[in-house]
Amino acid sequence: MEIFRIGWVVAIALAVFTVVEFIFASEVHNTEIRVTGVMLAGTIKALLIIWFFMHIARAWRGEGAH
Amino acid sequence: MALATPAAGHAADGPAAVGHHPSPAQQMQIRRVGLWLFFFSETFLFGLLFSVRFFLAGTGAEHLNQTLGLAITIILLLSSVSAYTFETAIEHDRRGVAGWALAITILLGLVFAGGVAWEWSIAEFSRGQIFGTAFFTMTGVHAAHVVSGVGLFILVGIQMARGRFGSKDYWPVSGTVMYWHFVDVVWVFYYPALYLVQGVE
């Protein structure tokens with residue numbers, strides 16, 4: 001199952017940042033800080049998906065294993 | 001003859017141009033870049049709707065079911081993990097794992113679409129209201145992409161059941177999975193924009 005390990009590591013990271021988003025939304029009352037926090041957490045999640053799941057580096061590196 | 005045949009025309013380019021075809025690795029790279037360009041163009045559509053939501057309604061929002069929003073977000077993120085598992089399994093000729101991962105991805109995609117439909121049915125605002133216009137348009141366009149992604153997975157599954165795909169032939173799988181991840185990335189931004197920026201009580 002070694003080949004699937006990255007998937008689960010990224011899944012845990014996505015879960016953590018989803019929790020961070022929700023905490024920001026429920027606990028932070030300052031609108032600017034709240035919006036910045038939830039959008040920053042969302043951006044990090046998107047980057048994780050683009051880098052690890054969508055293999056964006058392969059677009060210019062060519063073939064490569066997981 | 002003044003008019004050269006296509007073959008003669010290629011020959012005029014020099015010996016290196018004759019019979020040149022991209023290698024399989026180059027073909028794969030060309031396909032990947034093409035798909036990324038498609039994602040880039042789609043980003044304008046989703047980005048436009050994203051900005052319209054803030055332009056029309058600021059950070060304000062009507063009441064939404066936060067539990068449902070969080071649940072469908074987790075479901076879509078899990079579907080990205082299963083889609084990644086599907087792609088990885090195909091690339092390593094693990095067809096048994098691939099079959100399960102594909103089935104789970106399709107199921108999670110359908111549950112997500114069902115969750116959006118449920119959210120629509122219980123919404124306490126109409127599409128005529130400012131936030132409603134943004135909410136129904138954003139979730140509707142996104143859900144249409146989810147449903148089309150499920151359709152693509154079903155087509156890939158049918159081909160896989162006929163014996164296609166493996167470590168030497170996985171581009172259709174890879175392309176479909178990348179499309180799925182792109183739809184997931186869009187939701188990663190839509191979820192906070194629709195459910196979280198106004199705060200959760």
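Per chain, numbering begins at 1; letters A, B, ... match sequence-line order.
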Report task. Sort out for me which of B:Leu70, B:Val81, B:Ile74 touches chain A most, counting heavy-atom pairs under 4.5 Å. Result -> B:Val81
Query - Pairs of heavy atoms under 4.5 Å with chain A: top-ranked of B:Ala83, B:Gly199, B:Ala89 - result: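 Option with the greatest count: B:Gly199.
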For [X], does the [atom1] atom sit with more than 12 other heavy atoms under 6.0 Å from it, leaving out its own atoms?
X	atom1	value
B:Leu48	CG	yes
B:Trp100	CH2	no
B:Arg164	CZ	yes
B:Arg95	CZ	yes
B:Phe46	CZ	yes

Interatomic distance, [X] atom [atom1] to [Y] atom [atom2] [nearest 0.5 angstrom]:
X	Y	atom1	atom2	result
A:Met39	B:Leu196	CE	CG	8.0 Å
B:His92	A:Ile3	NE2	CD1	4.5 Å
A:Met54	B:Arg32	CE	CZ	11.5 Å
B:Met178	A:Ile56	CE	CD1	8.0 Å
A:Phe53	B:Asp184	CZ	CG	8.5 Å
B:Tyr84	A:Trp8	OH	CH2	11.5 Å

**Report entry** Taking every non-hydrogen atom, the tightest pair across B:Phe189 and A:Thr43
**Finding:** CE2-OG1, 3.5 Å
Report summary line: On a heavy-atom basis, the closest approach of B:Val97 and A:Phe4 is CG1-CZ, 3.7 Å
[X], part contacting chain A, at a heavy-atom distance under 4.5 Å:
X	answer
B:Phe54	side chain
B:Arg94	side chain
B:Gln198	backbone
B:Ser80	both
B:Phe182	both

Query raised in the report: Can B:Glu91 and A:Arg58 be counted as an ion pair, charged N to O under 4.0 angstrom?
Result: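 A:Arg58 and B:Glu91: salt-bridged.
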Report task. Could you tell me whether the side chain of B:Glu87 reaches within less than 4.5 Å of the side chain of A:His55, counting heavy atoms only? Result ->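 Yes, side chains in contact.
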Report summary line: From the list B:Thr73, B:Val188, B:Leu77, side chain to side chain contact (heavy atoms under 4.5 Å, CB included) partner of A:Leu14 resolves to B:Leu77
Query raised in the report: Which one of A:Leu40, A:Val35, A:Thr18, A:Val38 satisfies the side chain to side chain contact (heavy atoms under 4.5 Å, CB included) criterion with B:Pro192?
Result: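 Single pass found, and it is A:Val38.
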